[in-house]
Amino acid sequence: MISLSDFLNTVKTSIYDETFVRMIISQKRNQNSDIKSVIVKPIIIKKGALINFVYRYSTKDITKNYSFEESMEIIIQLISNEFNQVLFDTKLNEYHFSAKTNKAVVKSIEIEEAKIVDLSHDKTKKRLIDTTQNVYLQELGILDNEWRVKPSMQDKYKQINKYIEIIEGIIKNINVDRSFSIVDMGSGKGYLTFALYDYLSRKMVFKPTITGVEIRQELVDKCNLISKKCGFEKLNFIQGSIKETELSSIDILIALHACDTATDEAIAQGITKNAKVIVCAPCCHKQIRSEINPIDPIAAITEYGILKERQAEILTDTIRALILEAFGYKTNVFEFIETEHTPKNVLIVGISKGVKSQPSIEIIEKIAELKKIFGVRQHHLEKLLSI
């Protein structure tokens, strides 16, 4: 056995002499803490050699990279104050540290079995959208002339793949024919619209008809040209606003980052057209933010601008989710992509269990109580649906 101070010196030495393989820090001391464990490993990226920390929570992982000096300070803090157990591997030794004894048990490894230090940033991730000869990704500026993702577009490419992963999971769990309709309200430059058509038609062997609705004519024209160049026969873009565009039928309605009440207009379109699935990533929450005036004792949460803004976002999207539930949708709200890639990261998904012509009275009463507590007169989606 070796003492805590000797153990930490061993860790420090292994970082600098490049024998550090991996460390798993677990068994949290504070049971109310959300973090479950921390995985530490050396990596090499464009910035040079760093130490990678993966903080594991119940619902997500957060990854951060630190310099050698910063890493030692963080490791000491985690071991000394926050966790009870450390499993630490070097090329030639395994260490098991326990906070209960403040000692580390050392197990030597035979030299012929010496471990290899993996300095890759992460395991190669499977991307659902391939970049090879991908015309639309190149035309939209995500790929360079050699079909590589541009450094400035890495986050966008990751967002596209995460989006496709989510939609794939939804479609696999609903009953749709091979041919079905999707409307993307506020399709913008079409990054996600093109990727969805590509994946559904080529990888999932569906025959979807996808319509992108966008108010800016120049984007509509550009996207239609790219669609034609790709040979995407049933992918079409039309000019129009979310509120005023009339569509005959919708199986799946998507509205990503539709600003303020445009999200409500999209949800209303989906409900009134009996869409099987409604997927929204809300953006801005100005309507409720201007009205919110909570009663005591929670009035203090609106005294600070940033907290008022966040509360308005939570309240706005909670009511949206409840209204979907009231009209017969099984609704889920979750993180679309990590906040380090985009702050607009909440996704509301409603899957029809049988759309109702009239909303559930019980849920509408629940919404009324919420509005009363927060001093809100009417949510815009209520107005659109005449609730």
Side-chain angles (χ1 to χ4, degrees), residues 59-61 122 125-131 134-143 149-150 152-174 176 180-206 208-214 219 223 226-227 230 232 234-235 237 242 250-259 262-263 266-267 270 275-283 317 320-321 324 331-351:
T59 58
K60 63 181 178 180
D61 292 348
D122 202 350
K125 294 184 179 179
K126 178 184 176 184
R127 297 301 187 192
L128 299 178
I129 300 300
D130 193 5
T131 59
N134 190 314
V135 174
Y136 65 86
L137 285 184
Q138 190 177 74
E139 291 288 330
L140 292 170
I142 291 178
L143 305 182
V149 179
K150 296 177 181 177
S152 61
M153 300 301 288
Q154 290 286 345
D155 286 351
K156 176 59 70 175
Y157 180 60
K158 180 175 181 178
Q159 183 190 45
I160 289 169
N161 280 276
K162 182 63 176 179
Y163 167 75
I164 297 303
E165 179 185 329
I166 291 169
I167 301 299
E168 177 192 43
I170 293 169
I171 291 176
K172 282 182 176 179
N173 288 286
I174 62 173
V176 291
F180 57 93
S181 64
I182 299 176
V183 177
D184 188 351
M185 308 294 272
S187 53
K189 295 180 181 179
Y191 296 115
L192 304 179
T193 325
F194 278 102
L196 183 59
Y197 184 89
D198 181 23
Y199 191 76
L200 292 178
S201 58
R202 293 186 183 181
K203 299 291 183 66
M204 295 190 77
V205 202
F206 283 111
T209 298
I210 300 184
T211 302
V213 178
E214 171 56 43
L219 293 182
C223 288
I226 297 172
S227 181
C230 294
F232 292 166
K234 293 188 176 183
L235 173 60
F237 295 83
I242 293 175
I250 304 172
D251 289 315
I252 299 175
L253 181 137
I254 298 170
L256 303 183
H257 306 151
C259 189
T263 296
I267 293 173
K276 292 183 175 68
V277 178
I278 297 173
V279 180
C280 293
C283 174
D317 294 336
R320 285 168 174 159
L324 281 166
T331 307
N332 194 10
V333 181
F334 55 92
E335 188 176 74
F336 176 16
I337 197 166
E338 294 90 337
T339 52
E340 65 187 91
H341 298 286
T342 172
K344 305 168 184 177
N345 68 328
V346 170
L347 204 66
I348 302 174
V349 177
I351 299 175

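Note that this is a predicted model, so its numbers are computed, not measured.
Ser181 contributes no side-chain N or O that, together with a main-chain N or O of Thr209, makes up a donor-acceptor pair within less than 3.5 Å. In this structure, Asn134 contributes its side chain and Asp130 its backbone to a donor-acceptor pair below 3.5 Å. Proximity of a side-chain donor or acceptor of Ser227 to a complementary backbone N or O of Leu235 within less than 3.5 Å is detected. Put simply, the side chain of Tyr136 never gets that close to the backbone of Cys223: no donor and acceptor are under 3.5 Å apart.
Looking only at side-chain heavy atoms (C-beta outward), Thr211 and Ile182 stay at 4.5 Å or farther from each other. Val277 is not listed as a side-chain neighbour of Asp251, based on a closest heavy-atom distance of 4.5 Å or more. When side chains are defined from C-beta on, Lys234 does not count as touching Ile210, because their heavy atoms never get closer than 4.5 Å. Counting heavy atoms from C-beta outward, Ile170 and Ile252 have side chains that stay 4.5 Å or more apart. Ile129 places none of its side-chain heavy atoms less than 4.5 Å from the side chain of Phe194. The closest side-chain heavy-atom distance from Ile167 to Leu192 is not below 4.5 Å.
Under the rule for a ring pair (Phe, Tyr, Trp, His ring centres under 6.0 Å), the partners of Tyr197 that lie at least two apart in sequence or sit in another chain are Phe232. Checked against ring pair (Phe, Tyr, Trp, His ring centres under 6.0 Å), Tyr191 has no partners two or more places apart in sequence or in another chain. Residues passing the side chain to side chain contact (heavy atoms under 4.5 Å, CB included) test with Glu168 are Leu128, Lys172, Tyr199, Met204, sequence neighbours excluded. In terms of the side chain to side chain contact (heavy atoms under 4.5 Å, CB included) criterion, residue partners of Lys150 (sequence neighbours excluded) are, by chain and number, Asp144, Ser152, Met153. Qualifying side chain to side chain donor-acceptor pair (under 3.5 Å) partners for Asn332, counting only residues two or more places apart in sequence or in other chains: none. Legend: residues meeting side chain to side chain contact (heavy atoms under 4.5 Å, CB included) with Thr331, ordered by chain and number and at least two apart, are Ala321, Leu324, Glu325, Tyr329, Ile348.
When all heavy atoms of Leu140 and Lys189 are compared, the closest pair comes out as CD2-O, 3.2 Å. Nearest heavy-atom pair across Pro282 and Thr263 is CA-OG1, 3.7 Å. What you find for Ser187 and Thr193 is that their closest heavy atoms are CB-OG1, 3.7 Å. Residue Gly169 comes nearest to Asn173 through the heavy atom pair O-ND2, 2.7 Å, listed as atom of the first residue, atom of the second, then distance.
To the nearest 0.5 Å, atoms OH (Tyr163) and CG (Leu347) are separated by 9.0 Å. Taking CG of Leu253 as the start and CD1 of Ile267 as the end, the distance is 9.0 Å to the nearest 0.5 Å. Between His257 atom NE2 and Cys259 atom SG the span is 11.0 Å, to the nearest 0.5 Å. Here the straight-line distance linking atom OH of Tyr157 with atom CZ of Arg127 works out to 6.5 Å at 0.5 Å rounding. A distance of 6.0 Å separates CZ of Phe206 from CD1 of Ile171, quoted to the nearest 0.5 Å. To the nearest 0.5 Å, atom CG of residue Asn161 and atom CD1 of residue Ile166 are 11.0 Å apart.
Using a cutoff of 4.0 Å between basic side-chain nitrogens and carboxylate oxygens, Lys158 and Asp155 are not scored as salt-bridged.
For the residue pair Gln159/Lys162, the side-chain donor-acceptor check at 3.5 Å is not satisfied.
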